[in-house]
Amino acid sequence: MLQLNFIRENREQVLQGLKVRNYDTAALSIIDEIIALDNERKKTQLGLDTIKNESNQLSKEIGVLMKQGKKEEADTQRARVNDLKEDTKNLEGQLDQAEKSLESLLLQLPNIPHISVPKGKSEADNEVFKAWSQQLPELGENALPHWELAKKYNLFDLELGVKITGSGFPLYRGKGARLQRALINFFLDEATNAGYEEIQPPHLVNEASARATGQLPDKEGQMYHATKDDLYLIPTAEVPVTNIYRDVILEERDFPIKLTAYTPCFRREAGSYGAHVRGLNRVHQFDKIEIVRIEHPEKSYEALNEMLDHVSGLLEKLELPYRILRLCGGDLGFTSALTFDFEVFSAAQKRWLEVSSVSNFETYQTNRLKLRFREGKKCFGTHFERKCFSVGKNCSLAA
RNA sequence: GGAGAAGUGGCAGAGCGGUUGAAUGCAUCGGUCUUGAAAACCGACGUACUCGAAAGGGUAUCGGGGGUUCGAAUCCCUCCUUCUCCGCCA
């Protein structure tokens, strides 16, 4: 989420950013609504603090009077404090109300796009940032899609997944399982070589963690929920990994923080069916390797470029034809300031498939996480980038 | 699952109803001293919100939430976590 003070001090910039995300004037009024509500909140806060100060003062006096044995005077003071109590309760209610409404408005506000983000409505308007210069691979007439190949070579078995669990839970076997494991190892090893610390996080998280990374409340329906213990299966390693830094204050010398993690990811994917989700294109459980960096705000875009190079290097080593897109305002994720998608060409499906995306979230994620760093005496929001690399969800088996 | 003990600032560790945002020690930062360092000494040292141009105030915070009280780190309820013992263990 954006910080209130940032919105107050950079109203124009925020409005400009929302326009890149295709907000109309009616939607833009949310900014002024927030500022007005915050003014209200401050007023209530001040009133409450004043009353509390008064009753704290009186209570102290009562203590002194009691010690001196002046019981009657103490009793009159006591009555006065009791009168103040009612006002306190009212104001507390108001303050609570205002804070809740403010928070829910702030949560509706997306991140402000980076200046380089092109305007646009949909994925069709994404900018090709780096094109594939060589010839695209072609397959012969009787080339098989990956789900046919899988059957032929016994690489994975979707029916068995259905039998054991349900649709969308692939079962890999033989060479398929081995390839999957090899890819995971490859990505992790490459990340380690590039200086990322490997993390093996829990695969279930509590509500506080899901809330801190924004899965709750908006994506509640997309997560598997173990209700008996009130835990959620992670939809991405981002959730447990970034929660390492929930409520943390870093020192400047802690930068850069570079983490990598492989986890299976669980998503209910409610409401997506059809031909485009055929095979492994969209499943409820898939494997993903994530790399995460937490950086000083001044260095975050430099770090983003490094991550871009890192991913490019991986695809080059795998000898896959790929391209990089810079997402336009309409396609940019809610929490991201700048996102590059990596797409690999599937010769069998004859289309580009997203395999990875690299984003800079600036302080949007860290604000919600309450992750800050200390510079001098002040604490600042720190920048947060991440890139994820899906295995199995992509077309590498078919390419 | 049952029985018991405990959770205080970066760490260690006092306090167990009133002037305690919290003694003391360590760590950290700034300074004096020193050729340099160490030692010694002096000073600073959480976070969030808020008032103020600033200086400087105010409010909250002693695992989380709720309650009793004029007043709670201290009393009560509840949840969480950790430790010890017993039970269970695909």
Side-chain angles (χ1 to χ4, degrees), chain A residues 1-9 34-107 164-165 201-212 216 225-232 240 243-255 257 363 365-382:
Chain A
M1 64 209 286
L2 296 175
Q3 269 177 324
L4 261 173
N5 281 340
F6 177 84
I7 296 172
R8 287 177 153 273
E9 284 159 26
I34 285 172
I35 294 176
L37 195 55
D38 189 40
N39 288 336
E40 206 51 42
R41 188 200 109 246
K42 284 188 179 199
K43 228 199 256 168
T44 313
Q45 175 86 249
L46 186 61
L48 181 62
D49 285 355
T50 312
I51 289 184
K52 279 193 169 175
N53 176 231
E54 197 178 329
S55 69
N56 282 347
Q57 217 57 45
L58 287 171
S59 291
K60 272 184 193 170
E61 286 172 23
I62 292 171
V64 175
L65 289 172
M66 294 294 279
K67 247 176 204 167
Q68 295 172 344
K70 296 178 182 166
K71 194 164 176 303
E72 280 181 22
E73 282 178 53
D75 280 341
T76 46
Q77 299 283 61
R78 210 174 292 207
R80 283 176 63 194
V81 181
N82 270 328
D83 287 345
L84 290 175
K85 266 190 155 176
E86 191 139 333
D87 295 343
T88 311
K89 265 203 179 124
N90 287 338
L91 285 172
E92 269 174 350
Q94 279 180 38
L95 186 66
D96 193 53
Q97 189 62 41
E99 279 173 349
K100 282 204 173 107
S101 332
L102 253 182
E103 168 147 350
S104 84
L105 281 178
L106 283 174
L107 289 176
I164 298 164
T165 307
H203 294 175
L204 281 88
V205 294
N206 58 29
E207 192 189 319
S209 294
R211 204 163 279 284
L216 291 177
H225 187 188
T227 51
K228 196 160 188 177
D229 298 288
D230 204 15
L231 297 173
Y232 295 86
N243 267 285
I244 295 171
Y245 290 97
R246 167 154 48 96
D247 289 321
V248 166
I249 299 177
L250 298 167
E251 299 297 330
E252 222 178 320
R253 58 171 177 269
D254 294 331
F255 295 124
I257 290 168
T363 59
Q365 302 274 69
T366 54
N367 286 340
R368 192 165 180 168
L369 266 184
K370 298 204 181 83
L371 167 63
R372 290 150 292 166
F373 75 99
R374 216 186 297 269
E375 187 170 62
K377 272 202 161 176
K378 282 199 172 167
C379 291
F380 293 89
T382 132

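Throughout, protein chains are lettered first and strands after them, A, B, ... in sequence-line order, and every chain is numbered starting at 1.
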Could you list the donor-acceptor pairs under 3.5 angstrom formed between side-chain atoms of residues 71-86 of chain A and any protein atom two or more places apart in sequence or on another chain?
from	atom 1	to	atom 2	distance (Å)
A:Thr76	OG1	A:Glu73	O	2.6
A:Gln77	OE1	A:Arg80	NH1	3.2
A:Gln77	NE2	A:Glu61	OE1	2.6

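Taking atom CG on A:Asn367 and atom P on B:rA48, their separation rounds to 12 Å, with Å as the unit. The distance from atom CG of A:Leu91 to atom C1' of B:rG58 is 15 Å, rounded to the nearest whole Å. Between the CD atom of A:Glu73 and the C1' atom of B:rC70 there is a distance of 15 Å, given to the nearest Å. Taking atom CG of A:Leu4 as the reference point, atom C1' of B:rC49 lies 11 Å away to the nearest angstrom. Separating the CG atom of A:Asp96 from the C1' atom of B:rA60 is a distance of 14 Å, rounded to the nearest angstrom. Here the C1' atom of nucleotide B:rG18 and the NZ atom of A:Lys70 are 16 Å apart, to the nearest Å. In this entry the distance linking CE of A:Met66 with P of B:rC70 reads 10 Å, nearest Å.
Side-chain atoms of A:Asn367 never come within 3.5 Å of backbone atoms of A:Leu2 as a donor-acceptor pair (strictly under, hydrogens ignored).
Under the rule for a side chain to side chain contact (heavy atoms under 4.5 Å, CB included), the partners of A:Ala98 that lie at least two apart in sequence or sit in another chain are A:Arg41. Among residues two or more places apart in sequence or in another chain, the side-chain hydrogen bond (donor to acceptor under 3.5 Å, both in side chains) test is passed with A:Glu207 by A:Arg211. Contacts of A:Asp49 classified as side chain to side chain contact (heavy atoms under 4.5 Å, CB included), with partners at least two apart in sequence or in another chain: A:Gln45. Residues satisfying the ring pair (Phe, Tyr, Trp, His ring centres under 6.0 Å) test with A:His225, not counting sequence neighbours, are A:Tyr232. Here A:Lys42 pairs with A:Arg8, A:Asp38 under the side chain to side chain contact (heavy atoms under 4.5 Å, CB included) rule; sequence neighbours left out.
In this structure, B:rA72 forms no base pair with any nucleotide, since neither Watson-Crick nor G-U wobble geometry is met with both distances under 3.5 Å. The pairing partner recorded for B:rA3 is B:rU84, the criterion being a Watson-Crick or G-U wobble arrangement whose two distances lie under 3.5 angstrom. Across all strands shown, B:rA27 remains unpaired; no Watson-Crick or G-U wobble contact has both distances below 3.5 Å. The base-pairing partner of B:rA14, taking Watson-Crick or G-U wobble contacts with both distances under 3.5 Å, does not exist among the strands shown.
For residues 94-103 of chain A, the set of pairs meeting the salt bridge (Lys or Arg N to Asp or Glu O under 4.0 Å) definition, not counting sequence neighbours, comprises A:Asp96-A:Lys100.
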All N/O contacts under 3.5 Å from nucleotides 75-79 of chain B to the protein, with atom names and distances to one decimal?
none

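For A:Asn5 and B:rC49, the shortest distance from a side-chain N or O to OP1 or OP2 is not below 4.0 Å.
Nearest nucleotide to the side chain of A:Asn56, out of B:rC70, B:rA60, B:rU19: B:rA60. Of all nucleotides listed (B:rG71, B:rA60, B:rU47), B:rG71 comes nearest to the side chain of A:Lys85.
The same atom, C1', is picked in B:rG63 and in B:rG7; the two are 6 Å apart, to the nearest Å. Distance check on atom C1': B:rA55 versus B:rU47 gives 23 Å, rounded to whole Å.
Contacts with RNA chain B (heavy atom under 4.0 Å) in residues 35-55 of chain A: A:Arg41, A:Lys42, A:Gln45, A:Leu46, A:Asp49, A:Lys52, A:Asn53, listed by number.
Remark: A:Glu92 CD is packed, more than 12 non-hydrogen atoms of other residues, nucleotides or ligands lying under 6.0 Å away.
Among the protein residues, A:Asp75 comes within range of no part of the nucleic acid, since none of its heavy atoms lies under 4.0 Å from any strand.
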